[in-house]
There are 2 protein chains.
Amino acid sequence: MVHVSKQDICREIYARKGGDIKIKKEKTFVKNLARIFDAALKISNEKGFAAMSMRDLSRASGLSMGALYAYFSGKDELLEMLQRTGRTITIRMLTEQTAGEIDPRVKLRTAVLTHLFLSEAMQPWFYFFYMEAKNMNEEGREKAKAAELATEKVLADIIREGRDLGLFNDRNALMTAAVIKAMLQDWYLKRWKYAGRNITVDQYGRFLIDFIEAFCLRPDQKPPSPGEGGESGPE
Amino acid sequence: MVHVSKQDICREIYARKGGDIKIKKEKTFVKNLARIFDAALKISNEKGFAAMSMRDLSRASGLSMGALYAYFSGKDELLEMLQRTGRTITIRMLTEQTAGEIDPRVKLRTAVLTHLFLSEAMQPWFYFFYMEAKNMNEEGREKAKAAELATEKVLADIIREGRDLGLFNDRNALMTAAVIKAMLQDWYLKRWKYAGRNITVDQYGRFLIDFIEAFCLRPDQKPPSPGEGGESGPE
DNA sequence: GTCTATATACGGATAGAC
DNA sequence: GTCTATCCGTATATAGAC
């Protein structure tokens, strides 16, 4: 359902880079950049991007120090690439997936689950994006904030729509969206916790939807259930 | 209601340190350590602890490089001190505040608001604690996780209690506690967002309680409202 | 107790061979 | 395209004067 290929991502970066790229063959570029990204995300998510040295990255990616600098101009650019890539994919996927639906009740579910499954498929990216935003320059931080607000707005708009149609309660839509975001983010920020309890994405998703709908939906407006959104039982 | 003094915190550290402390007079120790903490939190929360150099800290705290090393043995110990201090205070405050109450409905509100107001009063500490946990050694990270689980357990126990008394719905208490934590944390992690919208702590608290109670409380069990927990209106 | 000056190492980045 | 060897700045930490 939500699938993103590492190769596709890197190919796109290759295409976008234009003339100032040092590696000629797309194939080697894609292969190595994917290794670099993997290694960088792994190390950064363990001890932080700032604490990751280029030597660490060289060792983990299997490329020499010198070679690394053929793929990015410096540590700053690497950070920028990682952030931009994560941002781009998220926004694209979210808007794509929620485009078709009309019923706000279903749309809300779809948006929540899309975000959730996407963050599951790309956990290292999402985690990195969240934790390393503050290490960026002013421009990068602003873009990160804008991305947060954009995904929040997707949720808020759905909620407003549902409210206007009389399906949802009349509550602060933006605040509701904000806390939904917080709950969605918790899934990829605290994987250690949920993994330790053997909670699956699906369980988490079902629980979230129950929780959200208890607040948003008017009592008599349970939506036509495509996923049979049953109650989440006691532990 | 929730008040924590910088001086008290530092005095306690002074008392705990025992013999291997280099500064003799409590007064200078407390005064300077408070300055160090302030500066360290400020810089770290802007660009990350790893990116903060001792020179940065020296400049911002007004103490020379050499003097700093009279207060901690190195950057690692400073990190450890900051984390431990934050942890200790949080757990103590939370258990203290929720101890008296009996009615689980009121207790839940109290726990949520206590956590929220505490995190407001000590925002830099909480933010730092969350964002810099992964820069610590194994032991430090384990303690951070334990602290997360401990505060979560406080919430979960209240919810279980309410369920057993027939006041709350029969839902997964631990999962509920987990998402409540996520929402509470959002307040101090994304202050920029809420500040930009002129949302006050009280508004956020009221909203959270409405949200949580919509899911947790059985329909006919609105609690005796001490704070008159009215609906949070539309934006 | 606090300062300045400095030892020492480590990190990012580049040069130039292959 | 990739490697090794190296430059050079900056970081942590300390020595020793005041």
Side-chain angles (χ1 to χ4, degrees), chain A residues 10-11 13-14 17 19-40 43-44 46-82 132 135-137, chain B residues 10-11 13-14 17 19-40 43-44 46-82 132 135-137:
Chain A
C10 296
R11 238 189 304 277
I13 294 173
Y14 179 81
K17 274 214 88 171
D20 58 333
I21 207 169
K22 293 202 186 78
I23 281 76
K24 294 283 176 273
K25 279 185 226 156
E26 175 175 314
K27 201 169 170 183
T28 47
F29 181 83
V30 168
K31 186 192 64 173
N32 284 336
L33 193 63
R35 293 168 64 114
I36 293 171
F37 280 179
D38 275 349
I43 302 169
S44 296
E46 275 166 11
K47 60 180 188 180
F49 184 80
M52 175 189 74
S53 72
M54 293 298 287
R55 287 175 174 80
D56 290 337
L57 185 59
S58 163
R59 204 175 319 119
S61 67
L63 288 162
S64 70
M65 292 277 292
L68 288 178
Y69 283 86
Y71 292 83
F72 48 83
S73 69
K75 224 185 157 192
D76 287 351
E77 193 181 275
L78 174 60
L79 175 56
E80 222 274 329
M81 283 171 72
L82 286 164
E132 304 294 346
N135 294 357
M136 306 206 39
N137 56 28
Chain B
C10 296
R11 237 188 304 276
I13 294 173
Y14 179 81
K17 276 213 86 170
D20 58 332
I21 207 169
K22 293 202 186 75
I23 281 75
K24 294 284 175 271
K25 278 184 226 158
E26 176 176 313
K27 201 168 171 185
T28 49
F29 181 83
V30 168
K31 186 191 65 173
N32 284 335
L33 193 64
R35 292 169 66 113
I36 293 170
F37 280 180
D38 274 349
I43 302 169
S44 296
E46 274 165 14
K47 60 180 187 180
F49 183 79
M52 174 189 75
S53 72
M54 294 297 286
R55 284 176 175 78
D56 290 338
L57 185 59
S58 162
R59 206 175 318 120
S61 68
L63 287 162
S64 70
M65 292 278 293
L68 288 178
Y69 283 86
Y71 292 82
F72 47 83
S73 70
K75 226 185 155 190
D76 286 352
E77 192 182 275
L78 174 59
L79 175 56
E80 222 273 331
M81 283 170 72
L82 286 164
E132 304 295 347
N135 292 357
M136 306 206 39
N137 57 28

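Here is the naming used below: chain letters follow the sequence lines, and residue numbers restart at 1 for every chain.
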* A/F37 vs A/I13 side-chain heavy atoms within contact, under 4.5 Å -> yes
* Closest to the A/I23 side chain, choosing from C/dG1, C/dA13, D/dT2 -> D/dT2
* With a non-hydrogen cut-off below 4.0 angstrom, is A/F29 in contact with a base, only sugar-phosphate, or nothing? -> nothing
* Where the side chain of B/M65 is concerned, which of D/dA13, D/dG1, C/dT2 is the nearest nucleotide? -> D/dA13
* Asked: Just checking A/F72: base, sugar-phosphate only, or nothing, at a heavy-atom cut-off of under 4.0 Å?
  -> nothing
* Quick one: does A/L68's side chain get under 4.5 Å of A/S58's, heavy atoms only? -> yes
* Asked: Is there side-chain contact between A/K47 and A/I43, with at least one heavy-atom pair below 4.5 Å?
  -> yes
* Asked: If you check every side-chain atom of A/L63, which of D/dA13, C/dT14, D/dC3 has the closest atom?
  -> D/dC3
* Provide, to the nearest angstrom, the distance between the CG atom belonging to B/L68 and the P atom belonging to C/dT2. => 10 Å
* To do: For residues A/Y71 and A/L78, determine if any side-chain heavy atom of one lies less than 4.5 Å from a side-chain heavy atom of the other.
  => no
* **Whole-Å gap separating P (C/dT14) and CE (A/M54)** => 10 Å
* To do: Could you tell me whether B/S64 contacts a base, only the sugar-phosphate backbone, or nothing, with contacts defined as non-hydrogen atoms closer than 4.0 Å?
  => base
* Taking NZ from B/K75 and C1' from C/dG11, how many angstroms apart are they, rounded to a whole number? -> 13 Å
* **Euclidean distance, atom OH of residue A/Y69 to atom P of D/dT6 [Å, nearest integer]** => 18 Å
* **Heavy-atom side-chain proximity of B/E26 to B/F29 below 4.5 angstrom** => no
* **Atom-to-atom span, CD of B/E77 to P of D/dT14 - whole angstrom** => 12 Å
* **Length of the CZ-P vector between A/R55 and D/dC3, whole Å** => 15 Å
* Structure fact -> Whole-Å distance, A/N32 CG to D/dT2 P, equals 5 Å
* **Integer-rounded Å distance: C/dG11 P and A/F49 CZ** => 14 Å
